[in-house]
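This report refers to the structure that appears directly beneath it.
This is a predicted model, so every value here is computed, not measured. Values reported hereafter were calculated over all heavy atoms of this structure, with side chains retained and with hydrogens, waters and symmetry mates removed. Just so you know, ligand 1 is whichever comes first in the structure, and atom 1 is the first atom listed for that ligand.
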Amino acid sequence: MNLIDTHCHLYDEPLAGDRDGVLQRARAAGVEAIVVVGTMLSTSRRAVDLAQPAMGDHAVGPDLWPDVWAAVGLHPDATEPVDPDALSGLIARSQGRVVAVGEIGLDGSRGKERVAAQEPAFRAQLTLARDHDLPVMIHSRDATGRVVRILEELGPGGPGGILHAFAGSREVATALIGLGFVLGVAGVACRPQATRIRKVLGALPLSALVLETDAPFIGTATRRPGEVEPAQVLEVCHALAELHGLDPDEVAATTTATARRILSLPADPDA
Ligand SMILES: [Zn+2]
């Protein structure tokens with residue numbers, strides 16, 4: 001099986017303290033690539049530091065690692081101002097290992113009034129992505145209508161990318177797909193009680209979906225929030241396979257091909 005975890009926070013505990021173990025367990029679960037996503041300038045820098053090619057022969061020791069890539073950007077809850085020059089510097093320093101600008105977006109879950117204040121940073125980073133010809137990794141919570149309107153304003157020339165941990169309606173999904181986006185399927189898909197979102201994910205074309213864990217944050221059926229690792233992307237794959245009535249291998253192959261296309265990742269030399 002060849003899986004890609006398109007969204008995780010490897011620099012956060014408890015993942016950072018056991019990085020080698022986390023990466024080896026991911027590889028053992030069939031994960032061939034991981035995208036580490038920044039939330040502030042400091043964590044974006046750490047994402048770039050972690051991003052590295054899988055090394056040579058995968059037979060021994062640390063070479064059991066998946067390929068690690070980075071996304072840099074400021075989360076809507078970040079309190080610092082966007083510094084496009086600093087983010088551009090990180091993109092340049094990464095020598096091609098930054099594959100997206102993110103996570104950026106809008107979050108109204110702690111008060112709708114916060115969304116307007118988050119909008120300038122979101123727009124500035126959409127521009128940054130376009131300037132660097134990179135896709136975006138969007139975080140959208142209780143603000144999806146506004147996110148879609150802003151992306152529609154940018155039109156077909158917008159950057160495209162991944163709407164991470166998608167939990168919206170089928171209509172919103174269709175609008176986003178039309179704007180060049182694919183939808184990130186996270187651990188929520190594994191939870192039997194998440195009936196509404198499971199129904200939506202089961203009805204969407206598999207070709208518009210990619211897998212993620214948002215590790216360590218989004219819980220699955222077997223792991224509590226805060227205890228998730230990229231290896232659990234396998235559990236997400238199985239859940240999505242069940243929703244689509246497909247073999248997990250087929251879901252892995254399709255979602256991995258989509259992730260490689262949307263993030264412009266080179267083909268896995270081991271595949
Ligand atoms: Zn995240």
Considering just N/O/S atoms, say which atom of [X] is closest to the Zn ion (ligand 1).
X    : result
D214 : OD1
H9   : NE2
E103 : OE2

- Task: Give a yes or no on whether a salt bridge exists between R149 and E119, defined as a side-chain N under 4.0 angstrom from a carboxylate O.
- Result: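 No salt bridge links R149 with E119.
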- Task: State, without any angle test, whether E235 and T222 hold a side-chain donor-acceptor pair at a distance under 3.5 Å.
- Result: yes
- Is a side-chain donor-acceptor pair under 3.5 Å present for T220 with Q232?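 No pair is found: no donor N or O on one side chain lies under 3.5 Å from an acceptor on the other.
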- Any residue meeting side-chain contact (heavy atoms from CB on, under 4.5 Å) with I262, in chain and number order, not counting sequence neighbours: I162, V182
- Is the Zn ion (ligand 1) under 2.8 Å from any N, O or S atom of C8? no
